[in-house]
Amino acid sequence: MLQTILMSAVFLVLVICVRFIFSSSEEIRLIAGSIVGILLTSIWLVPFYSWLCRITNLYFALEIGFLSSILAMFLSRTAFSMWWPFDWGMLLNNMWLKGDFVFGTWSLIICSLILGFILSIFSAYSFKKQ
């Protein structure tokens with residue numbers, strides 16, 4: 001989690017630097033909100049992959065992550081994308097960069113935090129049992 005937060009901060013700094021170099025018209029608060037939103041909607045991935053690596057192996061977890069991300073790209077911009085957690089970051093990013101802070105974006109963050117909490121408990125229980 002610490003690495004994810006650190007990389008989000010580095011990404012934010014790089015995006016802001018690139019914005020000033022190329023004089024983009026995007027507002028910094030929308031860019032920062034989008035990066036924080038992506039961070040919050042991907043929190044559930046840490047306990048999920050931790051658990052998946054524990055019960056299978058690293059390569060299977062990487063394969064599941066790769067295939068799920070590819071599927072998320074195909075499901076993006078469809079009605080099903082709201083129900084596919086691997087697409088939540090992309091969906092939230094598209095909404096927030098347009099300045100569209102609707103209920104759907106906040107529900108994605110709330111669902112992601114709840115899913116992350118449930119998966120953390122499940123992963124901790126699985127680790128304790130092992």
Side-chain angles (χ1 to χ4, degrees):
M1 234 12 250
L2 184 61
Q3 288 176 339
T4 307
I5 293 169
L6 180 65
M7 290 312 298
S8 293
V10 168
F11 183 61
L12 178 61
V13 169
L14 289 174
V15 166
I16 289 171
C17 289
V18 168
R19 181 192 175 274
F20 285 123
I21 291 171
F22 293 110
S23 63
S24 173
S25 63
E26 297 291 332
E27 293 185 30
I28 292 178
R29 69 176 180 84
L30 294 178
I31 294 171
S34 179
I35 291 172
V36 169
I38 291 171
L39 172 69
L40 292 176
T41 54
S42 62
I43 283 179
W44 67 273
L45 290 168
V46 174
F48 174 70
Y49 285 124
S50 172
W51 170 76
L52 197 59
C53 285
R54 191 172 302 116
I55 64 168
T56 60
N57 60 25
L58 176 65
Y59 300 110
F60 182 76
L62 286 173
E63 185 176 327
I64 293 294
F66 175 74
L67 293 175
S68 298
S69 297
I70 295 294
L71 186 59
M73 285 189 281
F74 285 115
L75 293 176
S76 188
R77 308 277 192 202
T78 64
F80 189 69
S81 66
M82 285 291 273
W83 301 103
W84 187 245
F86 289 92
D87 196 32
W88 288 350
M90 177 82 66
L91 191 62
L92 184 85
N93 187 28
N94 290 335
M95 287 187 221
W96 277 14
L97 280 179
K98 295 175 188 170
D100 193 11
F101 297 98
V102 295
F103 175 72
T105 60
W106 296 107
S107 65
L108 289 176
I109 292 173
I110 292 168
C111 287
S112 176
L113 293 175
I114 290 171
L115 184 61
F117 181 73
I118 291 170
L119 287 172
S120 293
I121 291 173
F122 187 71
S123 180
Y125 177 74
S126 174
F127 183 75
K128 182 180 175 185
K129 190 176 176 181
Q130 198 176 25

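Treat the numbers as computed from the prediction; the structure is a model and nothing was measured. Residue numbers run from 1 in the order of the sequence given.
Separation of atoms OG (Ser50) and CG (Leu45) is listed at 12.0 Å; rounding is to 0.5 Å. Taken to the nearest 0.5 Å, the CG atom of Leu62 stands 9.0 Å off from the CG atom of Asn57. Atom CD1 of Ile16 and atom CZ of Phe20 lie 7.0 Å apart (nearest 0.5 Å). Atom-to-atom distance recorded for Arg19:CZ and Leu14:CG is 15.0 Å, nearest 0.5 angstrom. Separating the OG1 atom in Thr41 from the CD1 atom in Ile110 is a distance of 13.0 Å, to the nearest 0.5 Å. Here the CZ-OG distance, from Phe48 to Ser120, works out to 13.0 Å after rounding to the nearest 0.5 Å.
At a threshold of 4.5 Å between non-hydrogen side-chain atoms, the residues Cys111 and Trp88 count as touching. Phe86 places none of its side-chain heavy atoms less than 4.5 Å from the side chain of Leu71. Between Trp51 and Leu119, the closest side-chain pair of non-hydrogen atoms is not below 4.5 Å. Counting only heavy atoms from C-beta outward, the side chains of Ile43 and Leu40 approach each other to under 4.5 Å. Residues Trp44 and Pro85 are in side-chain contact: their nearest non-hydrogen atoms beyond the backbone lie under 4.5 Å apart. Counting only heavy atoms from C-beta outward, the side chains of Ile55 and Ser126 approach each other to under 4.5 Å.
No chain of hydrophobic side-chain contacts below 4.5 Å, direct or via other Ile, Leu, Val, Met, Phe, Trp or Tyr residues, connects Phe117 to Ile114. Under a hydrophobic clustering in which Ile, Leu, Val, Met, Phe, Trp and Tyr are joined whenever their side-chain heavy atoms come within less than 4.5 Å, directly or via other members, Ile64 and Trp83 fall into the same cluster. Side-chain heavy atoms closer than 4.5 Å link hydrophobic residues (I, L, V, M, F, W, Y) into clusters, and following such links, possibly through other members, connects Leu113 to Val46.
For the pair Ser69 (side chain) and Gly65 (backbone), a donor-acceptor distance under 3.5 Å is present.
Of all non-hydrogen atoms in Ser112 and Ser42, the two that sit nearest each other are OG-N, 4.0 Å.
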